[in-house]
There are 2 protein chains.
Amino acid sequence: MPYLKRDALCPEPIDCKILTAALDLFVERGFHNISIHEVQQRADVSIGSIYNHFGGKEGVAKGLYYHILNEIDELVNAVLASHSSPKEQYQEIIKQLFEHTETHRNIIAFMFHTKHSEFLSGEPVFCDTKPFVKIRGIVEQGIAQNEFLKQDLWVSTAALFGSAYKMIQLRLDGNIKTPLPELYDKFMNTQLNGMLV
Amino acid sequence: MPYLKRDALCPEPIDCKILTAALDLFVERGFHNISIHEVQQRADVSIGSIYNHFGGKEGVAKGLYYHILNEIDELVNAVLASHSSPKEQYQEIIKQLFEHTETHRNIIAFMFHTKHSEFLSGEPVFCDTKPFVKIRGIVEQGIAQNEFLKQDLWVSTAALFGSAYKMIQLRLDGNIKTPLPELYDKFMNTQLNGMLV
DNA sequence: TTGACAATAATGAACATTCATTCTATTTTC
DNA sequence: GAAAATAGAATGAATGTTCATTATTGTCAA
């Protein structure tokens with residue numbers, strides 16, 4: 001009676017089920033503490049399917065990584081298209097990341113709270129991926145257009161994004177109790193004008 | 001002929017040999033990618049000794065963690081004793097961390113570039129350890145004494161230390177080519193006065 | 001100084017377990 | 001009815017841990 005079991009008109013595709021299960025498990029307990037069998041159980045899928053779709057455990061993690069990286073890239077592209085000045089682009093990216101930290105916790109956690117080197121090998125490191133190269137482009141332009149202080153590019157990037165990054169981590173770890181969007185204004189003020197009274 | 005073999009008057013104690021080997025290996029390839037057998041080989045020590053001294057693989061990592069954490073605590077204590085104003089204390093801590101990033105790379109990497117949850121279980125998280133509680137104390141005092149902008153404590157801490165943290169990571173990963181101490185002045189200026197032109 | 005003895009530390013082969021992967025059988029799809 | 005996808009039991013290599021044996025150190029009486 002296979003037709004009775006099919007409770008949805010459009011059942012979730014197998015590879016999505018796998019990625020969703022893996023995302024949650026990897027974020028909760030870390031890549032190395034999760035076995036393929038656990039992913040298989042949580043996804044309600046056979047081991048064989050996982051190997052057909054992703055080629056193995058590492059393949060699942062890589063699939064997840066590139067999938068999410070792509071979404072971040074689209075986010076950055078959209079911001080670049082809709083905002084013209086580097087300062088506005090910078091602010092909008094932080095704003096959206098803060099929002100996603102509340103609404104898509106595990107996706108943000110996988111991207112910003114995971115050591116990707118655990119499953120990536122040889123691939124370009126995080127900082128050298130498409131969206132993050134574009135982000136450095138924003139910083140570069142901001143300096144060129146005199147919106148940001150002139151500095152070593154990496155120092156400026158660390159200054160502009162390092163503390164946002166840390167805010168996200170502290171929120172994910174539960175240290176910060178307030179939803180990040182509510183802290184956005186104060187945070188941005190500190191970022192742009194400094195911590196001195 | 002045991003006397004001929006004894007090439008050093010004071011041979012390095014076994015537990016030091018183990019910790020040193022483990023530090024290098026864990027930093028290079030990550031806790032989960034290193035087997036006890038590799039630590040044993042690199043340390044030139046028997047497996048039994050590792051179990052006698054640390055009780056297992058996790059024990060080695062914990063031993064390393066608490067050893068280094070203790071050194072960081074002493075660093076913070078020394079700074080608290082030698083500098084009176086929160087702003088000076090803050091600056092001195094960053095300065096010393098930047099220096100140690102050049103001179104004691106792996107120690108800094110183990111502390112600031114490792115997911116400690118991989119081997120810590122139940123223990124207080126990084127942010128709640130002695131030295132970091134003291135650091136938040138500095139931020140708190142700085143706000144009270146009107147040296148830093150009044151903010152949510154965690155937001156201020158993220159603003160003050162988040163980008164320093166990121167600088168250290170970028171330097172450890174080789175993205176930043178300049179030794180951090182040379183970037184200290186510019187960095188601190190940005191930190192305190194902001195990124196706006 | 002010597003030798004006997006106990007206590008402590010070091011050793012590493014053997015063991016037990018975990019877990020990624022393979023592969024053949026089965027089901028579904030077109 | 002052929003091709004593609006799924007299933008999951010079986011496999012075996014990797015690796016954390018145990019423990020019986022050996023070596024070292026410290027103590028004290030002769």
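Bear in mind the structure is a predicted one, so any value in this text is a computation, not a measurement. Each chain gets a letter, A, B and so on, in the order the sequences are listed, and its residues count up from 1. The basis for the numbers below is simple: all heavy atoms, side chains too, and nothing from hydrogens, waters or symmetry mates.
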Heavy-atom side-chain contact between B:Gln91 and B:Tyr184 under 4.5 Å: yes
Check: A:Glu28 side chain, A:Leu25 main-chain N or O, donor-acceptor pair, under 3.5 Å: no
Spacing of [X] atom [atom1] relative to [N] atom [atom2], expressed in whole Å:
X	N	atom1	atom2	result
A:Ile50	D:dA5	CD1	P	16 Å
B:Tyr51	C:dT8	OH	P	23 Å
A:His53	D:dA4	NE2	P	14 Å

Test applied, side chain to side chain contact (heavy atoms under 4.5 Å, CB included); reference residue, B:Leu149; option that passes from A:Asn193, A:Asn189, A:Leu196: A:Asn189
Criterion side chain to side chain contact (heavy atoms under 4.5 Å, CB included) against A:Thr114, the qualifying member of A:Tyr65, A:Phe119, A:Phe26, A:Phe126: A:Phe119
Sequence-aligned protein contact record of nucleotides 7-15 of chain D, with B where the base is within under 4.0 Å of a protein heavy atom and S where only the sugar-phosphate is: BB------S
Stacked cation flag A:Lys57 on A:Phe31, 6.0 angstrom / 45 deg: yes
